Number of protein chains: 2
Amino acid sequence: MISKNMKALVEQSAAISALFTEGKRMRQILGDENVFDFGIGNPNVKAPLSVNKTAIEILENMDSLAIHSYTDGAGIPSVRSAIAESLNRRFQEKYTQGNIVMTTGAAGGLNVIMKVLLDEGDEVLTFAPYFGEYDAYVANAGGKLIAIEPNIPTFLPNPKKLEETITSKTKAIIINNPNNPTGVVYGEEILQEVADVLRKKEKELGTSIYLISDEPYRELVFDGVTVPYIPKIYENTIVAYSFSKSLSLPGDRIGYLTIPSTVADFQDVVYGAGVANRVLGFVNAPALQQLVVAKCCDEKSDVAFYDKNREILYNALTSYGYECAKPQGAFYLFIKALEDDDVAFVNKAKEFGILMTPSSGFRCNGYARIAYCVARDTIEASLPSFEKLAQAYHK
Amino acid sequence: MISKNMKALVEQSAAISALFTEGKRMRQILGDENVFDFGIGNPNVKAPLSVNKTAIEILENMDSLAIHSYTDGAGIPSVRSAIAESLNRRFQEKYTQGNIVMTTGAAGGLNVIMKVLLDEGDEVLTFAPYFGEYDAYVANAGGKLIAIEPNIPTFLPNPKKLEETITSKTKAIIINNPNNPTGVVYGEEILQEVADVLRKKEKELGTSIYLISDEPYRELVFDGVTVPYIPKIYENTIVAYSFSKSLSLPGDRIGYLTIPSTVADFQDVVYGAGVANRVLGFVNAPALQQLVVAKCCDEKSDVAFYDKNREILYNALTSYGYECAKPQGAFYLFIKALEDDDVAFVNKAKEFGILMTPSSGFRCNGYARIAYCVARDTIEASLPSFEKLAQAYHK
């Protein structure tokens with residue numbers, strides 16, 4: 001028999017799969033061209049050409065043992081240096097390889113850092129709505145994720161609520177900037193307020209509170225917005241980064257942790273992250289992919305494509321009467337459901353061929369997430385269906 | 001502050017690192033040519049040429065999105081089918097893709113299966129000496145690893161001791177065949193005895209006991225030995241496989257779980273393994289590597305090279321008076337230390353430029369592991385030092 005926890009996860013997951021099976025069934029009934037799948041955040045913009053070119057060059061020219069051998073738990077030293085230098089150029093930092101730990105994507109990095117930091121029963125806070133996997137990542141390391149209720153309609157962190165929720169058991173907070181599912185970008189001002197609360201509570205409680213910033217969408221921002229570099233705002237920040245979105249390499253599982261020298265118990269955290277990579281079974285981030293991103297880390301995929309998708313969809317949907325904060329990052333629109341129950345709303349949308357994710361999966365009721373990382377044709381062809389869906393509620 | 005568990009792991013790991021720092025220091029004092037490093041199991045035989053060739057073909061010809069996108073948690077369906085068909089050819093099975101879950105190496109696979117099976121406090125048994133990381137893999141999922149004492153001098157499983165150690169909390173046993181660190185291959189007869197014990201106890205206790213067979217060294221066998229295909233011996237067997245050794249791809253992190261349809265709660269286990277890949281942060285086994293091994297899974301690296309290393313080292317060491325069961329698999333010799341304390345013995349060996357791993361790291365006292373996956377020159381040049389080390393004890 002499988003474990004009780006896993007049984008629950010399997011059932012939860014089966015419900016999600018049912019949604020996709022439903023998608024397949026819908027395609028059969030309505031025809032492929034009448035089904036608009038906005039369900040998953042799988043980038044549909046190809047990786048920059050230099051990525052495959054670099055991989056081929058490495059495979060053709062480097063010594064095979066140097067490509068395929070185990071690497072240090074923390075990653076290949078020259079790769080860690082290359083990433084550090086890239087961050088130094090971009091954010092005027094003074095990192096060395098000792099500040100970078102290569103990870104199996106941001107998901108791997110988050111699991112690693114939770115394993116490093118959490119004792120049984122420690123609490124990690126986050127702001128709803130949030131990426132639902134955080135629950136598992138924290139629980140895997142014996143901790144407990146505590147969500148701070150959604151701050152509607154801005155979906156920015158609420159510093160006051162944060163202050164009320166921190167206890168002596170609070171080991172870390174996770175933020176996701178730009179945010180999945182809302183597409184909102186947290187700006188400098190609100191992050192300063194968050195930092196002030198954390199420092200105040202650290203002093204009051206005599207603890208260290210780490211800010212874990214999950215930033216796979218860092219490069220996906222629009223309207224000239226820049227994502228604040230949080231280690232400059234709060235000294236106890238660890239950044240989990242992934243090339244899944246910026247280089248469209250989600251299947252490759254490659255990312256890194258940035259651990260500034262200012263974080264509490266810096267040396268133990270860095271060393272522990274390498275050890276955690278090993279004991280959690282990642283062993284090392286995939287070696288070939290480490291070598292590739294070292295050379296391609298300053299590039300990014302075609303953000304303008306997502307921007308155009310966003311513009312078309314946002315303008316059309318708001319003109320049909322949907323409520324939605326205009327997202328400035330990631331590739332998600334977070335629209336208010338046209339009835340209280342977001343699952344009922346998402347089910348209703350299926351009748352019109354539209355697949356979205358109900359917001360309750362992100363621990364926030366009454367909304368739906370639209371992942372607009374899809375073909376332009378899909379965006380354009382879906383608009384009449386979104387209009388009919390709105391009309392179905394307003395007739 | 002990092003967690004208490006991690007603090008202990010970091011200290012343990014620092015001790016191992018000290019050994020490598022020691023190696024560097026030794027090179028400085030004795031000169032590179034006088035240091036013989038048998039410490040780590042990092043293959044030194046290159047991957048078959050077809051591996052890089054296949055990777056390049058994929059990168060040149062396949063659609064970039066198909067190479068780099070997220071895959072199903074359980075892996076790419078066509079890859080799972082290719083692996084199933086390869087196993088069917090080799091072991092006369094009737095697997096389909098539904099029996100295969102692609103994993104981030106065997107280390108990833110073992111963590112996945114522990115997450116699927118273990119409730120808090122469940123016990124997993126193994127036979128000492130064993131790969132020390134099993135402790136962490138079981139503990140990560142809330143279980144407890146219980147080691148059955150070494151069966152000296154054969155290092156085969158002891159079915160009687162196994163029977164005495166199984167309780168109603170025993171969820172699984174892990175075996176590693178061929179074995180790290182001993183190089184011993186468990187044959188059909190002893191495995192039948194193990195299976196009989198497991199069946200008897202399952203019946204007696206009304207439980208299911210899974211046999212997890214960790215087989216990264218399956219292809220590395222000598223003297224015409226074959227490794228029994230354990231699912232044919234015990235119906236409740238799950239095999240964790242890795243291409244780290246057979247294709248010399250340890251840094252690539254690619255392997256798979258074979259979950260025969262005969263295992264208890266088969267569907268839940270397979271489905272759970274895909275979910276576990278996701279929630280543990282592996283998400284999916286690296287996609288490019290999945291595509292590569294689907295085409296190269298019938299190949300293997302140059303086993304004859306390891307065989308020759310083994311012959312030279314085994315013959316020389318036994319002629320100098322070292323005691324050692326002749327290994328028939330993997331790339332390890334497990335020699336009896338020339339004094340009771342294996343750490344003291346390994347330290348003594350350093351004076352002669354020899355780096356080995358003390359057996360206590362494998363939860364067995366009084367031996368040392370020699371990883372002979374090194375250059376032929378290193379093997380040959382090390383022999384006089386091994387002779388002098390023996391003489392130092394017998395003078």
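In this text the structure is predicted, and so the values were computed from the model without any measurement. Sequence lines set the chain letters: A, B, ... in the order given, protein chains first and strands last, and positions in each chain run from 1.
Contacts of B/Gln290 with chain A are absent, with no heavy-atom separation under 4.5 Å from either backbone or side chain. In this structure, chain A has no heavy atom under 4.5 Å from any part of B/Lys53. Within the 4.5 angstrom heavy-atom criterion, no atom of B/Ala141 approaches chain A. Looking at A/Val263, neither its backbone nor its side chain comes within 4.5 Å of chain B, counting heavy atoms on both sides. Contacts of B/Val112 with chain A are absent, with no heavy-atom separation under 4.5 Å from either backbone or side chain. Only the backbone of B/Ser248 comes within contact range of chain A, with at least one heavy atom under 4.5 Å from a heavy atom of that chain. Residue A/Ala139 does not touch chain B at all, counting heavy-atom pairs closer than 4.5 Å. Only the side chain of B/Asp63 comes within less than 4.5 Å of a heavy atom in chain A; its backbone stays farther off. Proximity to chain A (any heavy atom under 4.5 Å) is restricted, for B/Ser244, to the side chain, taken from C-beta onward. Contacts between B/Leu280 and chain A at a heavy-atom distance below 4.5 Å involve backbone atoms as well as side-chain atoms. Contacts of B/Ile2 with chain A are made by both backbone and side-chain atoms, with heavy-atom separations under 4.5 Å.
Counting heavy-atom pairs closer than 4.5 Å to chain B, the top residue among A/Ala285, A/Pro250, A/Gly105, A/Ala287 is A/Pro250. In terms of heavy-atom pairs under 4.5 Å with chain A, the best-connected choice from B/Ala276, B/Ala136, B/Pro286 is B/Pro286. Across A/Ile56, A/Thr207, A/Leu247, the residue that shares the most heavy-atom pairs under 4.5 angstrom with chain B is A/Ile56. With respect to chain A, the highest number of heavy-atom pairs below 4.5 Å among B/Val275, B/Ile76, B/Thr104, B/Leu65 belongs to B/Leu65. Residue with the most contacts toward chain B among A/Thr103, A/Leu249, A/Val116: A/Val116 (heavy-atom pairs, distance under 4.5 Å). For the set B/Asp265, B/Val269, B/Asp135, the entry with the most heavy-atom pairs within less than 4.5 Å of chain A is B/Asp265. Highest contact tally toward chain B, considering only A/Gly251, A/Ala107, A/Ser64, is held by A/Gly251 [criterion: heavy-atom pairs under 4.5 Å]. When each of A/Val51, A/Asn284, A/Leu288 is scored by its heavy-atom pairs under 4.5 Å with chain B, the top score falls to A/Asn284.
Taking the side chain as every heavy atom from C-beta outward, B/Asp252 and A/Ile67 never approach each other to under 4.5 Å. Counting only heavy atoms from C-beta outward, the side chains of A/Ser69 and B/Asn42 approach each other to under 4.5 Å. Looking at A/Tyr271 and B/Met6, their side chains never come closer than 4.5 Å, going by heavy atoms from C-beta outward.
Considering every non-hydrogen atom in both A/Ala55 and B/Leu59, the closest pair reads CB-CD1, 3.6 Å. Between B/Tyr137 and A/Arg278, the shortest heavy-atom distance links the atoms CE2-O, 4.3 Å.
Interatomic distance, NZ of A/Lys7 versus CG of B/Asp119, reported as 12.0 Å (0.5 Å rounding). Distance check: A/Lys171 NZ to B/Met1 CE gives 6.0 Å after rounding to the nearest 0.5 Å.
Among the candidates B/Glu60, B/Met62, B/His68, the single residue satisfying the side-chain contact (heavy atoms from CB on, under 4.5 Å) test with A/Asn52 is B/His68.
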Exercise. Can you list the steps and then say if A/Arg253 with B/Gln289 is a side chain to side chain contact (heavy atoms under 4.5 Å, CB included)?
Worked result: CA-CA 11 Å; A/Arg253 314 307 309 129; B/Gln289 280 84 345; over 6 Å; no
Exercise. Stepwise, does the side chain to side chain contact (heavy atoms under 4.5 Å, CB included) test hold for A/Leu9 with B/Val279?
Worked result: CA-CA 9 Å; A/Leu9 285 169; B/Val279 301; 4.2 Å; yes
Problem set entry | Pair A/Ser3-B/Leu118, side chain to side chain contact (heavy atoms under 4.5 Å, CB included): steps then yes or no | CA-CA 5 Å; A/Ser3 75; B/Leu118 301 186; 5.5 Å; no
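For B/Asn5 and A/Lys115, the side-chain atoms include no donor-acceptor pair closer than 3.5 Å.
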